[in-house]
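Each remark here refers to the structure printed beneath this line.
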Amino acid sequence: MKNIHLSSVTYITHRPVTAEDIIAEALGLLETQLRAHGDISLTSPETVKDYLKLRLAAREREIFGVLLLDTRHRLIRYEELFHGTIDSATFHPREVVKAALQHNAAAVIFTHNHPSGLSDPSEADKMLTQKLIGALSLIDVRVLDHLIVGADEPYSFAEHGLL
């Protein structure tokens with residue numbers, strides 16, 4: 001475990017600071033700290049969960065995203081591919097495959113939030129994951145996990161043996 005020391009920074013704003021502003025700044029600081037050694041390496045499940053909680057926990061609508069990773073599991077890019085309603089998001093496997101190919105990803109981690117706060121997967125979540133695993137296996141991209149972010153601890157398909 002590493003100690004992370006953030007330098008003191010003063011911000012001047014011309015409007016009230018919102019929770020979204022604070023989260024955006026926290027994400028920026030987290031990404032800066034993770035890149036301090038030249039890359040963002042997401043090899044720890046806890047690091048991935050923390051990163052995704054910051055990204056998705058407070059969102060009011062369902063978002064499906066993907067962490068695109070290189071062969072050493074360093075983050076190439078995080079992309080939000082689909083935006084939905086308060087309880088669902090429509091997805092297209094071809095868009096996930098397209099993103100993986102466009103960024104030359106060797107592996108991916110899927111994520112989506114449940115605005116209801118419950119992190120447990122639905123049967124549709126399980127079927128979606130299997131469909132995406134099949135599509136990405138055709139182009140030799142490994143699926144490392146699918147994390148569902150809610151109000152409590154994110155649910156990991158990998159940790160529950162669902163991959």
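- Here the CD1 atom belonging to Ile109 is positioned 7.5 Å from the CG atom belonging to Leu52, to the nearest 0.5 angstrom.
- A single hydrophobic cluster is not seen to contain both Leu132 and Leu138; linkage of ILVMFWY side chains at heavy-atom distances under 4.5 Å, directly or through other members, places them apart.
- Rounded to the nearest 0.5 angstrom, Ile133 CD1 and Leu162 CG are separated by 9.0 Å.
- Shown here for Asp152 and Gly117, the closest heavy-atom pair between the two residues is OD1-O, 3.7 Å.
- Salt bridge absent: Glu79 and Lys98 never bring a charged side-chain N and a carboxylate O closer than 4.0 Å.
- Note that the CG atom of Asn113 and the CZ atom of Arg59 stand 7.0 Å from one another [nearest 0.5 Å].
- Salt bridge annotation for Lys53-Glu46: absent, with no cationic side-chain nitrogen under 4.0 angstrom from a carboxylate oxygen.
- Defined by atom type and a distance below 3.5 Å, a donor-acceptor pair is present between the side-chain atoms of Asp125 and Ser122.
- Minimum interatomic distance between His114 and Asp120 (heavy atoms only, all atoms of both residues): CE1-O, 3.2 Å.
- Leu144 places none of its side-chain heavy atoms less than 4.5 Å from the side chain of Val108.
- Within the 3.5 Å criterion, the main-chain N or O of Val149 finds no donor-acceptor partner in the side chain of Ser119.
- Relative ring orientation between His112 and His146 is described as perpendicular, the plane-to-plane angle rising above 60° on a 0-90° scale split at 30° and 60°.
- A donor-acceptor pair under 3.5 Å links the side-chain atoms of Asp145 to the main chain of Ala158, judged by distance alone.
- In this structure, Ala135 and Val97 approach most closely via the heavy-atom pair CB-CG2, 3.9 Å.
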After noting the C-alpha distance and the side-chain angles of Val96 and Phe64, does the key distance pass the side chain to side chain contact (heavy atoms under 4.5 Å, CB included) rule? CA-CA 10 Å; Val96 178; Phe64 180 89; 4.1 Å; yes
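- No donor-acceptor distance shorter than 3.5 angstrom exists from the side chain of Asp140 to the backbone of Ala106, with no hydrogens or angles considered.
- Rounded to the nearest 0.5 angstrom, Leu56 CG and Glu62 CD are separated by 10.0 Å.
- Counting heavy atoms of neighbouring residues, nucleotides and ligands inside a 6.0 Å radius, atom NZ of Lys126 exceeds 12 of them.
- Hydrophobic clustering of Ile, Leu, Val, Met, Phe, Trp and Tyr side chains at less than 4.5 Å, counting indirect connections, keeps Met127 apart from Phe82.
- In this structure, Val141 and Ala100 approach most closely via the heavy-atom pair CG2-CB, 4.3 Å.
- Under the 30°/60° scheme for interplanar angles, the aromatic rings of Tyr51 and Tyr78 are found to stand perpendicular.
- Taken to the nearest 0.5 Å, the NE2 atom of His160 stands 4.5 Å off from the OH atom of Tyr155.
- When all heavy atoms of Arg61 and Pro115 are compared, the closest pair comes out as C-CG, 3.6 Å.
- Between the CG atom of Leu101 and the CZ atom of Arg94 there is a distance of 14.0 Å, given to the nearest 0.5 Å.
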